[in-house]
Amino acid sequence: MPDAFIWYHADEKDESKLINWLATVEQQAGVQGKLFVRKADNNTTFMEIYSDVSQATIDRIEKLAASTPLFEAIERRCENFVEII
């Protein structure tokens with residue numbers, strides 16, 4: 001199964017809300033994620049990573065995000081990769 005990499009630009013002040021978001025995903029989608037951040041060129045980019053998840057689970061995460069006010073003004077980009085080595 002693939003790993004899902006979901007990234008988006010958000011205000012760095014939302015970091016604690018995004019940490020809480022991962023707890024919501026774990027409770028409601030049954031998958032534990034990791035949260036990464038990159039601060040460069042006056043942009044803060046966050047990335048959620050979910051390992052070894054089905055497409056149905058990825059769809060569930062994105063449907064949940066679409067109904068979450070935190071993401072109303074945030075464009076999420078989801079990319080899936082399968083590990084080779």
Is there a path from I58 to V31 through hydrophobic residues (I, L, V, M, F, W, Y) whose side chains come within less than 4.5 Å of each other? yes
Looking only at non-hydrogen atoms, find the nearest pair between F46 and D11 and report the distance. CE1-O, 3.9 Å
If you measure from CZ on R76 to CD1 on I61, what distance do you get to the nearest 0.5 Å? 8.0 Å
Heavy atoms only: give me the nearest D52-M1 pair and the separation to one decimal. OD1-CB, 3.3 Å
In one Ile/Leu/Val/Met/Phe/Trp/Tyr side-chain cluster, 4.5 Å: I19, I74: yes
How close do S51 and D3 get, counting heavy atoms only, and between which atoms? CA-OD1, 3.2 Å
Check whether V37 and L35 end up in the same hydrophobic cluster, where Ile, Leu, Val, Met, Phe, Trp and Tyr are linked by side-chain heavy atoms less than 4.5 Å apart. yes
Is the count of non-hydrogen atoms from other residues, nucleotides or ligands lying under 6.0 Å from E79 atom CD greater than 12? yes
More than 12 heavy atoms of other residues, nucleotides or ligands under 6.0 Å from CG of N43: yes or no? yes
Heavy-atom side-chain proximity of L64 to W21 below 4.5 angstrom: yes
Rounded at 0.5 Å granularity, tell me how far CZ in R77 sits from CD1 in I6. 12.5 Å
Can you see which heavy atom on Y8 is nearest to which on E48, and at what distance? OH-OE2, 2.7 Å
Provide the closest heavy-atom pair for Q28 versus R60 in the form atom of the first, atom of the second, distance. O-CD, 4.1 Å
Point-to-point distance, once rounded to the nearest 0.5 Å, from OG1 of T24 to NZ of K17: 13.0 Å
What distance separates F71 CZ from L18 CG, expressed to the nearest 0.5 Å? 5.5 Å
For the residue pair I49 and F36, establish whether any side-chain heavy-atom pair is separated by less than 4.5 Å. yes
Roughly how far apart are K34 NZ and Y50 OH, rounded to 0.5 Å? 12.5 Å
Do L70 and L22 share a hydrophobic cluster (ILVMFWY, side-chain heavy atoms under 4.5 Å, transitive)? yes
Where is the tightest heavy-atom contact between T57 and A29, given as atom of each residue plus distance? CG2-O, 4.3 Å
